[in-house]
Amino acid sequence: MAIAILGWGSLLWDLDDLAPHVRLPWHMQGGPTLPMEFSRISPKRKMGLVVCLDPVDGTPCPTHAIASSRATLAEARADLAARERTPLDQIGYASATECFGRLPEIVSQVQKWCAATGHDGAVWTDLAPNFTDVTAQPFTLPAAIAYLQTLKGENLAEAHRYITSAPALTSTNLRRALAQDTWWQSL
């Protein structure tokens with residue numbers, strides 16, 4: 001099977017233990033365009049904001065694809081779950097005959113993309129936005145920037161590194177706002 005792993009965040013620059021299970025290089029902008037925003041607070045990234053699929057606050061952004069060396073969706077999905085250190089139910093997958101994901105519209109888009117590009121299937125990290133759950137306030141640009149301003153030391157450094165390391169075409173509303181923010185630009 002030709003299985004793609006879709007990425008848009010740190011997976012692009014840090015394959016970690018997924019590295020032995022892919023065939024390089026990344027096909028930049030080779031995945032479907034999906035709604036994304038930096039609306040997830042990540043303990044793995046020192047409580048910084050990370051990009052995730054977000055159909056409510058997200059902006060359509062290109063995704064990127066890399067070929068899995070695995071023969072089945074189940075194996076590719078397990079590999080990505082291990083890399084993300086997350087349960088299998090937070091890894092989406094789609095093929096012509098089977099699919100799973102928290103957002104039916106994303107699953108449908110990925111299925112259409114697979115059919116159009118000749119992939120037998122694809123897997124992706126399907127973590128939900130959690131800004132509101134963690135901060136007890138809705139995700140807005142002012143709230144997100146205020147949250148980032150509460151971070152200190154290595155937490156702030158990691159948040160800045162992550163957001164600035166994401167591909168330039170991951171041009172979300174928050175990222176555009178930060179590009180104009182003098183505090184953020186002074187870091």
Side-chain angles (χ1 to χ4, degrees), residues 1-46 48-130 133 158 162-163 165-170 172:
M1 288 184 76
I3 301 169
I5 299 169
L6 303 177
W8 44 80
S10 63
L11 189 60
L12 298 173
W13 65 85
D14 181 15
L15 286 169
D16 196 11
D17 53 0
L18 184 63
H21 308 296
V22 298
R23 291 190 296 271
L24 295 172
W26 278 97
H27 184 193
M28 300 305 287
Q29 302 175 51
T33 297
L34 302 174
M36 290 184 241
E37 185 52 272
F38 291 85
S39 54
R40 180 171 181 80
I41 297 172
S42 173
K44 180 179 172 185
R45 297 290 169 191
K46 303 186 183 299
L49 293 175
V50 298
V51 67
C52 64
L53 296 175
D54 186 340
V56 175
D57 294 304
T59 303
C61 297
T63 64
H64 317 282
I66 194 167
S68 172
S69 61
R70 299 298 196 165
T72 68
L73 275 174
E75 291 171 313
R77 188 174 175 218
D79 290 343
L80 185 56
R83 188 277 181 195
E84 296 290 2
R85 292 161 185 78
T86 195
L88 276 174
D89 67 356
Q90 294 185 335
I91 303 298
Y93 64 92
S95 72
T97 59
E98 60 181 320
C99 61
F100 171 81
R102 67 183 169 85
L103 303 165
E105 65 275 18
I106 299 295
V107 171
S108 177
Q109 284 180 270
V110 174
Q111 284 179 310
K112 289 175 187 169
W113 175 83
C114 286
T117 60
H119 287 89
D120 296 308
V123 299
W124 64 93
T125 305
D126 202 16
L127 300 171
N130 67 355
D133 296 336
E158 177 62 14
Y162 182 97
I163 292 171
S165 294
L169 291 175
T170 306
T172 69

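Counting begins at 1 with the first residue of the sequence. Not measured: the values here are computed from a predicted model. Just the heavy atoms: all of them, side chains too, but no hydrogens, waters or symmetry mates, feed the values below.
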For Leu15 and Val22, what are the C-alpha separation, side-chain angles and deciding distance, and is it a side chain to side chain contact (heavy atoms under 4.5 Å, CB included)?
CA-CA 9 Å; Leu15 286 169; Val22 298; 3.9 Å; yes
Correct closest heavy-atom pair for Trp8 and Thr170 would be O-OG1, 4.2 Å
Taking the side chain from Arg40 and the backbone from Ala128, do they hold a donor-acceptor pair closer than 3.5 Å?
yes
Decide if atom NZ of Lys112 counts as having more than 12 heavy atoms of other residues, nucleotides or ligands within a radius under 6.0 Å.
no
Partner set under side chain to side chain donor-acceptor pair (under 3.5 Å) for Gln111, not counting sequence neighbours:
none
Search all heavy atoms of Val110 against all heavy atoms of Ala94 and return the closest pair with its distance.
CG1-CB, 3.9 Å
Ser108 and Glu105: side-chain hydrogen bond (donor to acceptor under 3.5 Å, both in side chains), yes or no, with the steps?
CA-CA 5 Å; Ser108 177; Glu105 65 275 18; over 6 Å; no
How far apart are the closest heavy atoms of Ile3 and Ala76, and which atoms are they?
CG2-CB, 3.8 Å
Under the side chain to side chain donor-acceptor pair (under 3.5 Å) test, which residues partner Thr117, sequence neighbours left out?
His119
What's the spacing between Leu169 CG and Thr172 OG1 if we round to 0.5 Å?
12.0 Å
Test: salt bridge (Lys or Arg N to Asp or Glu O under 4.0 Å). Region: residues 114-127. Which pairs qualify, not counting sequence neighbours?
Arg102-Asp126
Looking only at heavy atoms, which two atoms of Gly118 and Ala2 are closest? And how far apart?
O-CB, 4.3 Å
Which atom of Leu88 lies closest to which atom of Ala81, heavy atoms considered:
CD2-CB, 3.9 Å
Not counting sequence neighbours, list each pair that qualifies as a side chain to side chain donor-acceptor pair (under 3.5 Å) and has a residue in residues 83-94.
Ser10-Arg83, Asp16-Arg85, Glu84-Thr125, Thr86-Gln90
Does Trp26 have any ring-ring contact (aromatic ring centres under 6.0 Å, His included) partners at least two apart in sequence or in another chain, and if so, which?
none
Keeping to residues at least two apart or across chains, list the side chain to side chain donor-acceptor pair (under 3.5 Å) pairs with something in residues 52-66.
Ser39-Asp54
Please report the interatomic distance CD(Glu158) to OG(Ser165), rounded to the nearest 0.5 Å.
8.5 Å
So which heavy atom on Pro25 is nearest to which on Ile66, and how close?
O-CG1, 3.9 Å
Checking side chain to side chain contact (heavy atoms under 4.5 Å, CB included) for the pair Leu73/Ser95: CA distance, chi angles, key distance, verdict?
CA-CA 8 Å; Leu73 275 174; Ser95 72; 3.7 Å; yes
Would you list the pairs meeting salt bridge (Lys or Arg N to Asp or Glu O under 4.0 Å) in which at least one residue belongs to residues 21-33, sequence neighbours left out?
none
Rounded to the nearest 0.5 Å, what separation is found between the CG atom of Asn130 and the SG atom of Cys52?
7.5 Å
Residues passing the side chain to side chain donor-acceptor pair (under 3.5 Å) test with Arg70, sequence neighbours excluded, are His21, Asp79
Within a strict 4.5 Å, meaning less than it, do heavy atoms of the Leu34 and Trp124 side chains meet?
no
Test item: Pro129 and Glu37 side chains (from C-beta on) under 4.5 Å apart, heavy atoms:
no
Within the 4.5 Å heavy-atom criterion, are Arg77 and Phe100 side-chain neighbours or not?
yes
Please test Ser68 against Val123 for side chain to side chain contact (heavy atoms under 4.5 Å, CB included), starting from the C-alpha separation and ending with a verdict.
CA-CA 9 Å; Ser68 172; Val123 299; over 6 Å; no
Check side chain to side chain donor-acceptor pair (under 3.5 Å) between Thr33 and all other residues, then give those that pass, not counting sequence neighbours.
none
